[in-house]
Amino acid sequence: MTTTIPLRPITKRQREIWRFVAAHHARERIGCSVRDVMTHFGFVSTNSAMCHLVPLRARGWVEWRDGKPNSIIPTLASLEGDHD
């Protein structure tokens, strides 16, 4: 028996970013980078992307390995639920 930890709510913009991360992972079969998020959403700096990604990570929607490129992926819990 598996137990799914409920995900904490996210903003509309964070949901858009999560959808991008999930679609990128499904399409490319690797995680995306902060720069991928920055470019796709037209942010001027990687810090702007991180301001959205860090809360997604804290709320359990995405994960990544610090210091590793292309490692931002959706969590299994975020993919299993019906969030739309």
Side-chain angles (χ1 to χ4, degrees):
M1 180 169 103
T2 60
T3 58
T4 304
I5 299 170
L7 298 171
R8 292 174 41 206
I10 57 176
T11 66
K12 181 180 175 185
R13 185 63 159 173
Q14 289 167 347
R15 187 172 301 275
E16 291 171 1
I17 292 169
W18 174 80
R19 285 185 181 133
F20 170 74
V21 169
H24 182 280
H25 186 252
R27 182 180 62 251
E28 303 294 331
R29 290 302 193 205
I30 62 169
C32 64
S33 68
V34 175
R35 197 163 297 278
D36 291 332
V37 173
M38 181 189 92
T39 302
H40 181 81
F41 288 96
F43 297 140
V44 178
S45 70
T46 55
N47 188 54
S48 298
M50 288 301 289
C51 286
H52 295 285
L53 290 166
V54 168
L56 283 171
R57 185 186 204 186
R59 290 179 171 99
W61 288 78
V62 299
E63 61 188 9
W64 66 80
R65 288 174 281 169
D66 291 326
K68 299 290 183 184
N70 299 326
S71 66
I72 303 169
I73 60 171
T75 62
L76 185 57
S78 71
L79 293 172
E80 288 178 340
D82 181 20
H83 307 296
D84 289 328

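Basis for what follows: all heavy atoms, side chains included, without hydrogens, waters or symmetry-related copies. For the single chain, residues carry numbers from 1 onward in sequence order.
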Report yes or no: do Thr75 and Trp61 form a side-chain donor-acceptor pair below 3.5 Å?
no
Who passes ring pair (Phe, Tyr, Trp, His ring centres under 6.0 Å) against His52, sequence neighbours left out?
Phe43
Could you tell me whether the side chain of Cys32 reaches within less than 4.5 Å of the side chain of His25, counting heavy atoms only?
no
Pro55 and Met50: which non-hydrogen atoms are nearest, and at how many Å?
CD-O, 4.1 Å
Partners of Ile30 by side-chain contact (heavy atoms from CB on, under 4.5 Å), sequence neighbours excluded?
His24, Glu28, Asn70
Could you tell me the separation between the CG atom of Leu53 and the OG atom of Ser33, rounded to the nearest 0.5 Å?
10.0 Å
Tell me if the CZ atom of Arg13 is crowded by more than 12 foreign heavy atoms within 6.0 Å.
yes
Does Arg19 come within less than 4.0 Å of Glu16, counting only side-chain N to carboxylate O?
no
With salt bridge (Lys or Arg N to Asp or Glu O under 4.0 Å) as the rule and sequence neighbours excluded, what pairs involving residues 59-78 come up?
Arg57-Asp66
I'd like to know if Leu76 and Val21 are part of one continuous hydrophobic network [Ile/Leu/Val/Met/Phe/Trp/Tyr, side-chain heavy atoms within less than 4.5 Å].
no
Search all heavy atoms of Pro74 against all heavy atoms of Ala22 and return the closest pair with its distance.
CG-CA, 3.8 Å
Fit a plane to each ring of Phe20 and Phe41, take the angle between them on a 0 to 90° scale, and name the class: parallel (under 30°), tilted (30 to 60°) or perpendicular (over 60°).
perpendicular
Taken in chain and number order and not counting sequence neighbours, the residues that satisfy side chain to side chain donor-acceptor pair (under 3.5 Å) with Thr46 are none
Contacts of Arg27 that satisfy salt bridge (Lys or Arg N to Asp or Glu O under 4.0 Å) - sequence neighbours left out
none
Would you call Val62 and Ile73 a side-chain contact if the rule is heavy atoms closer than 4.5 Å?
no
Sole residue of Ile10, Leu56, Leu7 in side-chain contact (heavy atoms from CB on, under 4.5 Å) with Ser78
Leu7
Between Ser48 and Met38, is there a side-chain heavy-atom distance shorter than 4.5 Å?
no
